[in-house]
Amino acid sequence: MSEVVNAGFPLLTATAVLPALGAIATAAVPAVRRTVAKWLALLVSLATLVLAAIVLVRFEPGGDRYQLVESHAWIKDFGVRYELGVDGIGVALVALTALLIPFVILAGWNDADPQETGSKRWRPTQGFFALILMVEAMVILSFEATDVFLFYILFEAMLIPMYFLIGGFGDRAHAGTDENAAAQRSYAAVKFLLYNLVGGLIMLAAVIGLYVVAGSFSLSEIAEARASGQLEMATTTERLLFLGFFFAFAVKAPLWPLHTWLPNAMGEATAPVAVLITAVVDKVGTFAMLRFCLQLFPEASKWATPVVITLALISIVYGALLAVGQRDIKRLVAYASISHFGFIILGIFAMTSQGQSGATLYMVNHGISTAALMLVAGFLISRRGSRLIADYGGVQKVAPVLAGTFLIGGLATLSLPGLAPFVSEFLVLVGTFAAYPVAGIIATFGIVLAALYTLVLYQRTMTGPVKAEVSAMPDLKARELAVVAPLIALLLFLGVFPKPLTDIVNPAVEHTMSDVQKQDPRPDVEAAK
């Protein structure tokens, strides 16, 4: 392989370098220039969105598997390369990340403004927005990395800014004293870090093992070696390496029983940071299952499928059941996300083209729908100063626009036909039914429970008599509408016309199906008569 594969403008690198440089510039803004830091972060995120749109336009769905490839020697002695490339799945998630970050920044516009607390601490505005941009840079680059070692570095490095965002910028609507709130934030941040670090360390051992076996970290080189018969892994070796990678990705996803850090992290973080966690960062886990587990270890992936499907089904039902019983709005959304990630993983390991297409669409659509619901919930919580469902009632009478957008976000969460997540969930269930009918039947219980927890949440917060504490609640303001309206428009557009997204994703899914040497099961015509 040549030292430089792509001699043109390094577009993929630019999509990650721009927010990284923006993070440094934002952090360097003088303390008294908070507004300058906010606008700088917003403009950088919008410029990154433009670059991601160019990547999306230049990507050819029917072209090579990995496009816009960049490859440079990095650590020659260990065979590590700075190697980037995007397939249909990667380019869709790069676009999702770049799309959501401007809304995250706008929604959190005042979340880190200086505020004296009982301990007289100040919230560094510049640091808040700089950390968001740094997370964006690392996540985008992780979706582009085709060198396993480079991906591992990014997979671990993104934990650092996320740790500070969770622990240093917690939700102001915390019940209890400032000391108690700080302790809860610290606990959530440390739990997030420890869970993901343990997963990353296990993955590191597997990364080293892969290099010992394959002699390379490059996905393309390993694929070429396997196709030519130059690389053959022993069954036990492949399974152990698969487990090392999968464990780390299951923690990040999060998959039951490795999920317990998510409700704490989302509950204690600000609403925009909660969106960053579940709509952006956690997608790295499910994306990596497709890119690395299935591509590098196809036989082990098929070997592990029954167990993974079982865990995914538990996640679907368990997450939905716990969402039904929640009293905290943000923790309810967190448990709902655990259920949704179960659907994504179920679609991936159903090993059908419909299932994997649905899983990829689900990653995108879940990101948009969860962002819409959680950000509106954040606006609601900031007005009342409480996350408890019981503290609300009759909001739709005093803030109808807020209530209406909250309802649409909730209906998208329960996958109402006509909204984007319905297409994803339908494809996942169709793909699962085709290969594993019993699993498909069990998964449908998640849909019923989703309708229950979503509609009950809306009923208890938005309908009924107006509580005195919300009687003077203002409706959504212009900045908040600018956050919510585009997300709702996307949910409607992709709900009725998902073809632009499926055209990008489907060729990549065909490559993944080829990796695991699977074909869609044929319908049993005789049984249907």
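On a predicted model such as this, the values are computed, not experimentally measured, just so you know.
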K.L.:
If you compare all heavy atoms of Leu491 against all heavy atoms of Ala372, which two are closest, and at what distance to 0.1 Å?
P.N.:
CD1-CB, 4.3 Å

K.L.:
Closest heavy-atom contact between Thr278 and Lys283?
P.N.:
O-NZ, 2.9 Å

K.L.:
Start with the C-alpha distance between Ile277 and Met162, add both sets of side-chain angles, then the distance that settles side chain to side chain contact (heavy atoms under 4.5 Å, CB included), and finish with yes or no.
P.N.:
CA-CA 8 Å; Ile277 294 169; Met162 286 305 308; 3.3 Å; yes

K.L.:
Between the side chains of Tyr362 and Glu425, does any donor sit under 3.5 Å from an acceptor?
P.N.:
yes

K.L.:
Heavy atoms, side chains only, cut-off 4.5 Å: are Val44 and Glu136 in contact?
P.N.:
no

K.L.:
Is it the case that Ser424 and Asn365 place a side-chain donor and acceptor less than 3.5 Å from each other?
P.N.:
yes

K.L.:
Going by distance alone, is a donor N or O of one side chain under 3.5 Å from an acceptor N or O of the other, for Thr260 and Tyr195?
P.N.:
yes

K.L.:
Can you tell me how far apart CD1 (Ile140) and OG (Ser142) are? Round to the nearest 0.5 Å.
P.N.:
9.0 Å

K.L.:
Between the main-chain N or O of Gly168 and the side-chain N or O of Arg185, is there a donor-acceptor pair closer than 3.5 Å?
P.N.:
no

K.L.:
Check whether any side-chain heavy atom of Leu490 lies under 4.5 Å from a side-chain heavy atom of Leu99, and answer yes or no.
P.N.:
yes

K.L.:
Can you check whether Asp282's main-chain N or O pairs, donor with acceptor, with Lys252's side chain at less than 3.5 Å?
P.N.:
no

K.L.:
Can you tell me if Tyr82 and Thr13 form a side-chain donor-acceptor pair at under 3.5 Å?
P.N.:
yes

K.L.:
Apply side chain to side chain donor-acceptor pair (under 3.5 Å) to residues Thr26 and Gln126 and explain how you reach the verdict.
P.N.:
CA-CA 6 Å; Thr26 302; Gln126 288 83 342; over 6 Å; no

K.L.:
I want to check something: taking the side chain as every heavy atom from C-beta on, are Arg383 and Pro474 in contact at a cut-off of under 4.5 Å?
P.N.:
yes

K.L.:
With under 30° as parallel and over 60° as perpendicular, where do the rings of Phe287 and Phe143 fit, or are they tilted in between?
P.N.:
perpendicular

K.L.:
Is it true that Glu268 and Arg387 have a side-chain N and a carboxylate O under 4.0 angstrom from each other?
P.N.:
yes

K.L.:
Between atom CD1 of Ile488 and atom CG of Leu373, what is the distance when rounded to the nearest 0.5 Å?
P.N.:
10.5 Å

K.L.:
Got a second to check how far Leu255's CG is from Phe247's CZ, nearest 0.5 Å?
P.N.:
10.5 Å

K.L.:
Tell me, please, which residues at least two apart from Arg331 pass salt bridge (charged side-chain N to carboxylate O under 4.0 Å, His left out).
P.N.:
none

K.L.:
Looking at the rings of Phe246 and Phe349, which for Trp means the six-membered one, are their centres under 6.0 Å apart?
P.N.:
yes

K.L.:
Considering only heavy atoms from C-beta outward, does the side chain of Leu501 approach that of Leu361 to under 4.5 Å?
P.N.:
yes

K.L.:
Is the Phe341-His366 ring centre distance short of 6.0 angstrom?
P.N.:
yes

K.L.:
Sorted by first residue and then second, give each side-chain hydrogen bond (donor to acceptor under 3.5 Å, both in side chains) pair with at least one member in residues 153-170; sequence neighbours left out.
P.N.:
none

K.L.:
Is any side-chain heavy atom of Asp391 closer than 4.5 Å to a side-chain heavy atom of Leu388?
P.N.:
yes

K.L.:
Would you check if there is a donor-acceptor pair between the side chains of Glu144 and Thr15 at a distance under 3.5 Å?
P.N.:
yes

K.L.:
If you look at every heavy atom in Ala137 and Ala16, which pair is closest and at what distance?
P.N.:
CB-O, 3.2 Å

K.L.:
Can you name the nearest heavy-atom pair linking Val376 to Leu402, along with the distance?
P.N.:
CG1-O, 3.8 Å

K.L.:
Let me confirm one number: the CZ-CD1 distance from Phe217 to Ile75, rounded to the nearest 0.5 Å.
P.N.:
8.5 Å

K.L.:
Please give me the minimum heavy-atom distance between Ala206 and Gly244, naming the atom from each residue.
P.N.:
CB-CA, 3.9 Å

K.L.:
Show the numbers, then the answer: is there a side chain to side chain contact (heavy atoms under 4.5 Å, CB included) between Ile89 and Arg291?
P.N.:
CA-CA 9 Å; Ile89 300 169; Arg291 172 164 285 189; over 6 Å; no

K.L.:
Give a yes-or-no answer on whether the side chains of Ser218 and Ser220 include a donor-acceptor pair shorter than 3.5 Å.
P.N.:
yes

K.L.:
Working to the nearest 0.5 Å, report the span between CZ of Phe245 and CZ of Phe155.
P.N.:
10.0 Å

K.L.:
May I ask you to check whether Trp261 and Phe192 place their ring centres under 6.0 Å from each other?
P.N.:
yes

K.L.:
Does a side-chain heavy-atom distance below 4.5 Å link Met374 with Met266?
P.N.:
yes

K.L.:
Kindly indicate whether the side chain of Phe128, heavy atoms from C-beta on, has any atom under 4.5 Å from the side chain of Val273.
P.N.:
yes

K.L.:
Do Tyr187 and Asn264 have side chains that approach each other closer than 4.5 Å (heavy atoms only, starting at C-beta)?
P.N.:
yes

K.L.:
Output the distance between atom CZ (Phe129) and atom CG (Leu40), rounded to the nearest 0.5 Å.
P.N.:
11.0 Å

K.L.:
Test side chain to side chain contact (heavy atoms under 4.5 Å, CB included) on Met363 and Leu96 and set out the steps.
P.N.:
CA-CA 9 Å; Met363 287 188 242; Leu96 171 69; 5.7 Å; no

